[in-house]
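To start, the structure under review is shown below, and the notes come after it.
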Amino acid sequence: MIDLKIIRENPELVKATCKKRGCDVDIDALAALDREHREALGKAEGLRAERNRLSKECQTNPDARVKVKDMKEELASLEERSAVLAKEIDEKLSWLPNLIDDAVPQGETDADNQEIRKVGKLPEFSFQPKDHQELGEILGIIDAARGAKVAQAGFYYWKGKGAQLCQALFYWTQMELIKRGFTLFMTPCVAKEHTLYGTGYLPFFADQTYALKNEDLALIGTSEQTLVGYHADEILEGEQLPLCYTAYTPCFRTESGSYGKASRGIFRVHQFHKVEQIIFCKPEDSVKYHEFCLENEEYLLQQLGLPYHVVNVCLGDMGAPGYRKFDIEAWFPGFNAYREVTSNTNLTDFQSGRLKIRYKDKDGGKGFVHTISATAVTDRVAIAILENYQQADGSVVIPEVLRPFTGFDKIEPAK
RNA sequence: GGAGGGAUGGUCGAGUGGUUUAAGGCAGCGGUCUUGAAAACCGCCGGGGCUACGGCUCCCGUGGGUUCAAAUCCCACUCCCUCCGCCA
């Protein structure tokens, strides 16, 4: 949430940001509403002060009672005016995107993202590599047809050693993050509208959420929603920051409007599974912890032996709540391309402002915390493993680090 | 699902229409005393908004209502707890 103070003090900055991000909220009109609101509020408060004073006289002076009674109507209309304006302002404010780091490149789509570095050697195959859909069928470990039968197209089963591979990946990742100072959570998989609003998923991505009928609840699109919402309306002790949280949850997204986008196999689906990194920190530290999360992501991919590149995500490919974002795209031999596996966003005070997550230092420092939201791993990493570690006969070798958790070192084709 | 109880500042807890500008305890912070610590004593000690920086105003689960005046009375809702039933 953009603070009204910024709009008062530096409206040009906010206007420029809106223009860049394609937000059509009229900032001048918003500033005018703000002035009007504060004026009404000031008048109402002055009147109320007068009323409170007279009220005290009422016991001894019957005339005061008449006077106060006369003020009632005026006060009520000022209060109503002020409430209506406040609501209008909030509505407009909720649509404003976050400010943007100067380092964010111009551009419309992921094609305009800038490569920062490329890591790892691309695998060489003496045969035509298969994509994960084909491998999943050969190995009998991915079943999208039955996912569609039982649920809907876009849902799927991991089965047998494929399911074991995923669980090993997720468990190993959680252990690695715990070693790096993260606290592990198991969170609700539903959240109320206020939480989705507060984390910036509403109103911007309303068509992506699965809302529950007759409930003020939706299935979570990511544990970011439940982990960041965890500290809503709290004031954190400055000295306990940063708080580093992780959780493994399913993530539900309708993906409406994205048909045909890299949709082969289970790359883009309605339910996936993710280990998340969330950090709450002081504003001056968010750049540092944004990098910290990126290092963790890179460490995990390196340990898994997956080639990838890091990209500096451009304006158009970054959601409205983001201030700066790094994606990692792993190499997928089946696609013959780098494809997004993790996404790491510095949200600055966008979420904390909406959710009222503040901090207070002993020496008097206070304000909204900054939040970092970053993927650790998802199912997509598992399918990158399938595609990168495939053998000529369709079998897949398990990366070294996961073997203690899978209990096997290879998945063989089903008979 | 049935029955009952409850929601006040970091926490405990007083407060049933106007000396409450929310008492008091605990925790916390600063100080006095002390070789140091403890104890004792003194002071500070929730949050938002506005400010001519003197203050003003709002917040006692949420939303309405009654009243000159609501933490306090009325209505609705939400959440929590206890017991019973069912149960992963």
Side-chain angles (χ1 to χ4, degrees), chain A residues 1-9 11 30-94 167 186-198 211-219 226 229-241 243 248-250 280 282-283 349-369:
Chain A
M1 166 115 74
I2 295 294
D3 197 320
L4 270 174
K5 273 184 201 149
I6 298 177
I7 293 170
R8 278 171 214 151
E9 287 160 16
L30 182 53
L33 281 176
D34 175 45
R35 278 193 297 276
E36 218 179 314
H37 173 244
R38 286 201 291 167
E39 196 189 320
L41 200 61
K43 277 188 190 163
E45 288 188 355
L47 207 58
R48 207 176 290 126
E50 175 77 8
R51 184 203 63 183
N52 289 348
R53 214 173 307 123
L54 284 169
S55 249
K56 281 174 194 152
E57 283 180 30
C58 282
Q59 289 166 96
T60 53
N61 176 8
D63 290 344
R65 192 170 299 195
V66 179
K67 275 193 210 165
V68 177
K69 211 165 186 170
D70 289 342
M71 297 166 66
K72 233 185 159 177
E73 211 170 295
E74 191 184 354
L75 181 58
S77 91
L78 277 170
E79 278 172 344
E80 200 197 326
R81 177 82 188 127
S82 157
V84 166
L85 287 166
K87 203 178 164 192
E88 251 179 85
I89 290 166
D90 276 349
E91 165 69 15
K92 286 191 194 300
L93 227 38
S94 75
Q167 293 294 350
M186 293 179 70
T187 86
C189 293
V190 294
K192 51 182 76 171
E193 187 173 309
H194 176 71
T195 306
L196 299 196
Y197 163 80
L212 267 52
K213 262 183 198 150
N214 303 323
E215 299 266 11
D216 174 27
L217 288 174
L219 299 180
T226 45
Y230 185 79
H231 284 302
D233 299 314
E234 292 182 19
I235 299 175
L236 307 172
E237 292 290 340
E239 62 197 32
Q240 55 180 202
L241 298 176
L243 293 170
Y248 161 68
T249 66
F280 300 84
K282 292 187 199 177
D349 58 4
F350 192 84
Q351 297 178 322
S352 61
R354 291 176 165 226
L355 287 170
K356 309 271 180 286
I357 307 174
R358 290 168 290 176
Y359 75 97
K360 193 163 69 177
D361 271 328
K362 289 217 187 306
D363 59 19
K366 60 177 185 177
F368 291 114
V369 300

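Reckoned from all heavy atoms, side chains included, excluding hydrogens, waters and symmetry mates.
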Give me the distance, rounded to whole Å, that separates [N] from [M] when you measure between the [atom1] atoms they each carry.
N       : M       : atom1 : answer
rC45(B) : rA23(B) : P     : 11 Å
rC53(B) : rA70(B) : P     : 31 Å
rA22(B) : rC12(B) : C1'   : 15 Å
rC73(B) : rG6(B)  : P     : 12 Å
rC56(B) : rA40(B) : P     : 36 Å
rG46(B) : rC26(B) : C1'   : 16 Å
rC86(B) : rG1(B)  : C1'   : 8 Å
rU67(B) : rC75(B) : C1'   : 16 Å

Query raised in the report: When you look at CD of Glu234(A), are more than 12 heavy atoms from neighbouring residues, nucleotides or ligands closer to it than 6.0 Å?
Result: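 Buried by this count: over 12 neighbours within 6.0 Å.
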**Report entry** Gln240(A), CD atom: more than 12 neighbouring heavy atoms under 6.0 Å
**Finding:**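 Enclosed.
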Reckon [X] has a side-chain N or O less than 4.0 Å from the OP1 or OP2 of [N]?
X         : N       : result
Arg358(A) : rG48(B) : yes
Asn52(A)  : rA69(B) : no
Lys56(A)  : rU19(B) : no
Arg8(A)   : rC50(B) : yes

Identity of whatever pairs with [N] - Watson-Crick or G-U, under 3.5 angstrom:
N       : value
rC50(B) : rG55(B)
rC83(B) : rG2(B)
rG18(B) : rC68(B)
rA38(B) : none
rU62(B) : rA76(B)

Spacing between [X] atom [atom1] and [N] atom [atom2], to the nearest angstrom:
X         : N       : atom1 : atom2 : value
Glu39(A)  : rU51(B) : CD    : P     : 13 Å
Glu79(A)  : rG63(B) : CD    : P     : 13 Å
Arg48(A)  : rA69(B) : CZ    : P     : 12 Å
Tyr359(A) : rG47(B) : OH    : C1'   : 17 Å
Met71(A)  : rA69(B) : CE    : C1'   : 12 Å
His37(A)  : rC50(B) : NE2   : C1'   : 11 Å
Leu217(A) : rU78(B) : CG    : C1'   : 13 Å
Asp216(A) : rC79(B) : CG    : P     : 10 Å

Query raised in the report: Taking for each residue the nucleotide of RNA chain B with the nearest heavy atom, is it Glu50(A) or Lys5(A) whose nucleotide lies nearer the 5' end?
Result: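 The residue mapped nearer the 5' terminus is Lys5(A).
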Query raised in the report: Between Lys360(A) and Gly46(A), who's closer to the 5' end of RNA chain B by nearest nucleotide?
Result: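 Result: Lys360(A).
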Query raised in the report: Between the side chain of Asp216(A) and the main-chain N/O of Glu193(A), is any donor-acceptor distance below 3.5 Å?
Result: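 Yes, Asp216(A) side chain to Glu193(A) backbone: donor-acceptor pair under 3.5 Å.
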Query raised in the report: Is there a donor-acceptor contact under 3.5 Å from the side chain of Arg354(A) to the main chain of Ser94(A)?
Result: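 Looks like yes, one N/O pair under 3.5 Å.
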Nucleotide nearest [X] (side chain, heavy atoms from C-beta), chosen from [options]:
X        : options                   : result
Ala49(A) : rU57(B), rG48(B), rC68(B) : rU57(B)
Lys72(A) : rU67(B), rG48(B), rG49(B) : rU67(B)
Arg51(A) : rG47(B), rU57(B), rC58(B) : rC58(B)
Glu45(A) : rC50(B), rU57(B), rA69(B) : rU57(B)

Query raised in the report: Would you call rG54(B) syn or anti, using the 90° rule around 0?
Result: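 Syn conformation for rG54(B).
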**Report entry** Stepwise side-chain contact (heavy atoms from CB on, under 4.5 Å) test for Leu241(A) and Leu243(A)
**Finding:** CA-CA 5 Å; Leu241(A) 298 176; Leu243(A) 293 170; 4.1 Å; yes
Query raised in the report: Mind checking whether Glu79(A) and Arg48(A) have side chains closer than 4.5 Å, heavy atoms only?
Result: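 In contact.
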**Report entry** Spacing of Asp90(A) atom CG and Leu33(A) atom CG [to the nearest 0.5 Å]
**Finding:**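 Here the interatomic distance stands at 11.0 Å.
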